[in-house]
Amino acid sequence: MPPISAELQDDIAKRLHQQHDDLLATIHGRTDGDPDEPPAIAPMAHMGQNDDAPAAEMLSHNEEHMAEHDSDQLAAVDAALSRLESGDYGTCVSCGCEIPEARLVATPTVQTCIPCQERIEREQGTGRGPSM
Ligand SMILES: [Zn+2]
């Protein structure tokens, strides 16, 4: 059973489909040299959450890898949509806890809770394995 309400699920599904289309348009538009408005990928840094630092780091990092980032986002959107269908959406893939709705609304593609994301980013940032 999904830990989020059907209403929120519906809303997020719509946003994900929209984001999917935007990303496709951006990825294809890029080669024409006619980039459209950037897709509405809500940056977490401005959503009033208290994980600003890692999100901001991630954003500046992504500036250099926008094309790669868009493909990653598209994959994340697809993954989120399939989790919505399977009923796994809203559950942290790392620890299995319920992801807070506010976090899902801010970033519909998240797959992890905040502590897990911070841990994963630390691991990826250092290129070393888990610290535990
Ligand atoms: Zn977690």
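As the structure is a prediction and not an experimental result, all values here were calculated from the model. In this chain, numbering begins with 1 at the start of the sequence shown. Because only heavy atoms are used, hydrogens play no part in the values below, and waters and symmetry mates are left out as well, while side chains stay in.
Cys97 pairs by the side-chain contact (heavy atoms from CB on, under 4.5 Å) definition with Cys92, Cys95, Cys113, not counting sequence neighbours. Scanning for side chain to side chain donor-acceptor pair (under 3.5 Å) contacts around Asp72 gives an empty result, with sequence neighbours left out. A search for side-chain contact (heavy atoms from CB on, under 4.5 Å) contacts involving Ala79 returns Arg83, Gln111, not counting sequence neighbours. In this structure Ser82 satisfies the side chain to side chain donor-acceptor pair (under 3.5 Å) test with no other residue, sequence neighbours excluded. Annotation: salt bridge (Lys or Arg N to Asp or Glu O under 4.0 Å) contacts of Asp10 (sequence neighbours excluded): Lys14.
Between His17 atom NE2 and Leu84 atom CG the span is 8.0 Å, to the nearest 0.5 Å. To the nearest 0.5 Å, atoms CG (Leu74) and OG1 (Thr109) are separated by 11.0 Å. In this structure, CG on Asp22 lies 12.0 Å from CZ on Arg15, to the nearest 0.5 angstrom. Note that OG1 of Thr26 is 10.0 Å distant from CD of Gln19, once rounded to the nearest 0.5 Å. Between the OG1 atom in Thr107 and the CD atom in Gln73 there is a gap of 9.0 Å [rounded to 0.5 Å].
Between Arg119 and Glu123, at least one side-chain N (NZ, or NE/NH1/NH2) sits under 4.0 Å from a carboxylate O, which counts as a salt bridge.
The shortest side-chain heavy-atom distance between His28 and Leu24 falls under the 4.5 Å cut-off. No side-chain heavy atom of Glu98 sits less than 4.5 Å from a side-chain heavy atom of Ile4.
Under the 4.5 Å side-chain heavy-atom criterion for ILVMFWY residues, a single connected hydrophobic cluster contains both Val77 and Val105. Grouping the Ile, Leu, Val, Met, Phe, Trp and Tyr side chains by contacts below 4.5 angstrom, directly or via other members, places Ile12 apart from Val93.
Side-chain atoms of Arg103 and Gln117 form a donor-acceptor pair, as typed in the model, at a separation below 3.5 Å.
Closest approach of Ile27 to Ser71, counting heavy atoms only: CD1-N, 4.1 Å.
If you run side chain to side chain contact (heavy atoms under 4.5 Å, CB included) between Tyr89 and each of Val110, Leu104, Leu8, only Leu104 comes through.
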